[in-house]
4 protein chains.
Amino acid sequence: MANPDRSIDPRIMESAKEEFLSKSYEQVSLRDICSKAGVTTGALYNRFSNKEELFEALVAPTLALIEKFSEQTESNSYSFLDTNELLTIWELTPDTQASIINMLYDNYDGFRLLLCHADGSRHANFLHDFVDDVTDRSYRFVEEAYSRGVCKYLIDKEELHMLLTAYWSTMFEPLIHGLSREKALEHSGIVAKLFNWTNVLGF
Amino acid sequence: MANPDRSIDPRIMESAKEEFLSKSYEQVSLRDICSKAGVTTGALYNRFSNKEELFEALVAPTLALIEKFSEQTESNSYSFLDTNELLTIWELTPDTQASIINMLYDNYDGFRLLLCHADGSRHANFLHDFVDDVTDRSYRFVEEAYSRGVCKYLIDKEELHMLLTAYWSTMFEPLIHGLSREKALEHSGIVAKLFNWTNVLGF
Amino acid sequence: MANPDRSIDPRIMESAKEEFLSKSYEQVSLRDICSKAGVTTGALYNRFSNKEELFEALVAPTLALIEKFSEQTESNSYSFLDTNELLTIWELTPDTQASIINMLYDNYDGFRLLLCHADGSRHANFLHDFVDDVTDRSYRFVEEAYSRGVCKYLIDKEELHMLLTAYWSTMFEPLIHGLSREKALEHSGIVAKLFNWTNVLGF
Amino acid sequence: MANPDRSIDPRIMESAKEEFLSKSYEQVSLRDICSKAGVTTGALYNRFSNKEELFEALVAPTLALIEKFSEQTESNSYSFLDTNELLTIWELTPDTQASIINMLYDNYDGFRLLLCHADGSRHANFLHDFVDDVTDRSYRFVEEAYSRGVCKYLIDKEELHMLLTAYWSTMFEPLIHGLSREKALEHSGIVAKLFNWTNVLGF
DNA sequence: GATGAATGAGCCTTCATTCAT
DNA sequence: TATGAATGAAGGCTCATTCAT
């Protein structure tokens, strides 16, 4: 039985990360991970019940960060709603953009795992799942804004989903494509110019 | 020796498509494809040299279509450039958008294969490869437009790449997400509103 | 049902020879032979019942030649016995040696097939089978010679077998090793010096 | 990853030896070996990376023995050269012959594997490779003897190779043919009578 | 807690051979 | 007579996972 609570052998995690980053989830062999880490498969199975759980452990910090980021963004939105500073959050200021890029690059490996190497794992559709979640939160917010008369009309939820997909695909793109953080920051600016949130949402 | 020129047993192709559409490339078993098709694996290997080639045959028509579409779009652009009707092509009119969506949905399975189930195959990075190609073509065009003084400045190629990634990710999104053609058409309109090409490109 | 009596498509034979000469019997694929010959497997199976029979057809002329050679040598021996010219045949004169080497090199491919590429086929132990046959014939002859008082003692049959193995291994060696006919002829001379038949046989 | 260093399951080795001795390398199935040994193929692959390596392990002791024998024989030759007892080593005394036969029969299975069942493996040409090595060593020795004036002329290396092929083919013959050790010893004597080394080499 | 040999099912691929056309 | 698609069995090999030690 796996015991994920104990501190995990860093050699395993290091080796696992390297392997998962270098090929697709299915192509990764637990044997290879273990021999590279200098441990036996039994040792690995003492900590993780299976391949999936190992991968999970690798992306868990990133997932937690995402959750925290989403919650913070959401609560920020409501504060801005209260203070009528709506535009600040939806305008995609350079600072907002930069903070997102930095969050991504601060967790470079984790995001690459989720975006490029999760096929076959539970997170195969990470981007869509993430956008689904973002959409839910945003829609609740937009409904609230609409009910308060802050936006002129209520966007369709599916449309919102697609727009957010566009936005996040674009934001993730530099990381997926292997651009440097500097390039990514530079380009996040142009994204802001591209996306007319206020226009589309009818603020 | 595989002989891909002959007409291919439709049961194999049908079964292969079903399997590849239902799981990731690597998870698909040739045994399963064959037994579902009611033939032996040997029969499959009469037509295809290996798994990759079978997958290739499945997506070949879609790939050909994409090539044709790209060439046509490119040549259209230049015609518009000659007649100074530049905006027509870059403005993402409802008609343009609809014709793209229709092309996608006319090849629903092929695009789903390429976008969602190609991991592990040669087309693992289909979207990025496609956007790379589109970017090359577009950039050549933009250079020409710039040299003729039609745009005020020349966009950076990497920026263009990212913008096109955003655009195409968004266009593919309904198909990936399983929306109906009607919904997709509907939503392609809002995409047009979102993307300020003329603004960004400096036309 | 195979019909070996008809004239055989020379492309098949040519291609088969090439393949069998280039790898071991088991590694040769009938598919490869056929595709190289530009015919279908069915065509091959019209002429030969199976792989073994095809190989057989390839070495048949060589086998026939060997049989003829053996018979001739045997009958020559008896003539010499009658005329008391025994030494002539057992002395391994340069001419005798040369005629053997020439017979071998006149059927270069056939002998290489039998000596080096027959593993897995009926002729896997060609050399031993050949020497067995030669031994039988020689022993009968030696018995006759002994009964006539031409040799002082009767060699043990197993010893004779081993001596003939030594002799023929040595004679085949240049062909197996890929030496030119010229080199082989040259070396066949020294073999004659090496083998003390008369000494061993007690003539 | 195979770990050939550990002690190897004797059932696998036993079964493998039986299989390899009973058919040609290519005809042997790892499945058969394993099922006969009462283990799964996976168990085999824990110890050996592939079929070749398993075969290798089976013949390794014999190969090592051969190496030791060759080195010893070589160094003995040079000692005899120093003491001018040259004839002792090249005369093929009954003792020398017997010690070779005993070495062969002490490793009966290993030599049979190498001589009769290695086709398709790395040792397909064991006899020729062995004789190549022996020839190299012998030639170096003969050169030294010649330079000291111990032999009257220097034999051609290719001739030496052929003579050694003849000698060793003859020595291996009883083993290949399945003769008993006693018969083999008996016959090794006659071989000594047959080969005129001193005559040929010009000592 | 770690070992690592063993499992057992599965993988892609190849083959000699057959047979309806 | 030739075709060539299909068979059916087998091949070597890999894998995540288990468990006695």
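Protein chains get the first letters and strands the later ones, always in sequence-line order, with residue 1 at the start of each.
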Please tell me which of A/V28 and D/V28 maps to the more 5' nucleotide of DNA chain F, matching each residue to the nucleotide holding its nearest heavy atom.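 Here D/V28 is the residue nearer the 5' end.
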
Tell me the interatomic distance from [X], atom [atom1], to [N], atom [atom2], rounded to whole angstroms.
X	N	atom1	atom2	value
B/Y25	E/dC11	OH	P	14 Å
A/L30	F/dT17	CG	P	6 Å
B/K23	E/dG10	NZ	P	12 Å
B/E19	E/dG10	CD	P	14 Å
D/R47	E/dG4	CZ	C1'	9 Å
D/F48	F/dG12	CZ	C1'	15 Å
D/Q27	E/dT14	CD	P	20 Å
C/E53	E/dA16	CD	P	15 Å

To the nearest 0.5 Å, tell me how far C/D109 CG sits from C/L58 CG.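 C/D109 CG to C/L58 CG: 9.0 Å, rounded to 0.5 Å.
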
Paired stretches of DNA chain F - 3 or more consecutive Watson-Crick or G-U pairs, each distance under 3.5 Å: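 Stem segments, range with range: E:2-21 with F:2-21.
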
Go nucleotide by nucleotide along DNA chain E from the 5' end; which of A/G42 and B/T41 gets its closest nucleotide reached first?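 Nearest-nucleotide comparison on DNA chain E picks A/G42.
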
Comparing B/E26 and C/K51 on DNA chain E - which has the more 5′ nearest nucleotide: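 Final value for this comparison: B/E26.
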
Give a yes/no on whether any side-chain N or O of [X] is located under 4.0 angstrom from OP1 or OP2 of [N].
X	N	result
D/S29	F/dG11	yes
B/Y45	E/dT13	yes
C/N46	F/dT1	no

For [Y], is there any backbone N or O sitting under 3.5 Å from a side-chain donor or acceptor partner on [X]?
X	Y	result
B/N107	B/G110	no
D/Y25	D/H123	no
B/K51	B/V28	yes
C/H117	C/F20	yes

What's A/T40 touching, base or sugar-phosphate or nothing? Going by heavy atoms closer than 4.0 Å.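 Base contact - A/T40 has a heavy atom under 4.0 Å of at least one base atom.
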
Assess whether one donor atom and one acceptor atom, taken from the side chain of B/R31 and the base of E/dG10, lie less than 3.5 Å apart.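 Such a pair does not exist between side chain and base.
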
Non-neighbouring partners of D/H177 that pass ring-ring contact (aromatic ring centres under 6.0 Å, His included), sequence neighbours left out: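 Here the qualifying residues are C/H128, C/H161.
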
Any pair counted as salt bridge (Lys or Arg N to Asp or Glu O under 4.0 Å), so long as it reaches residues 21-43 of chain D, sequence neighbours left out: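 For residues 21-43 of chain D, and leaving out neighbouring residues, the salt bridge (Lys or Arg N to Asp or Glu O under 4.0 Å) pairs sorted by first residue read D/E18-D/K36, D/E19-D/K23, D/E19-D/K36.
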
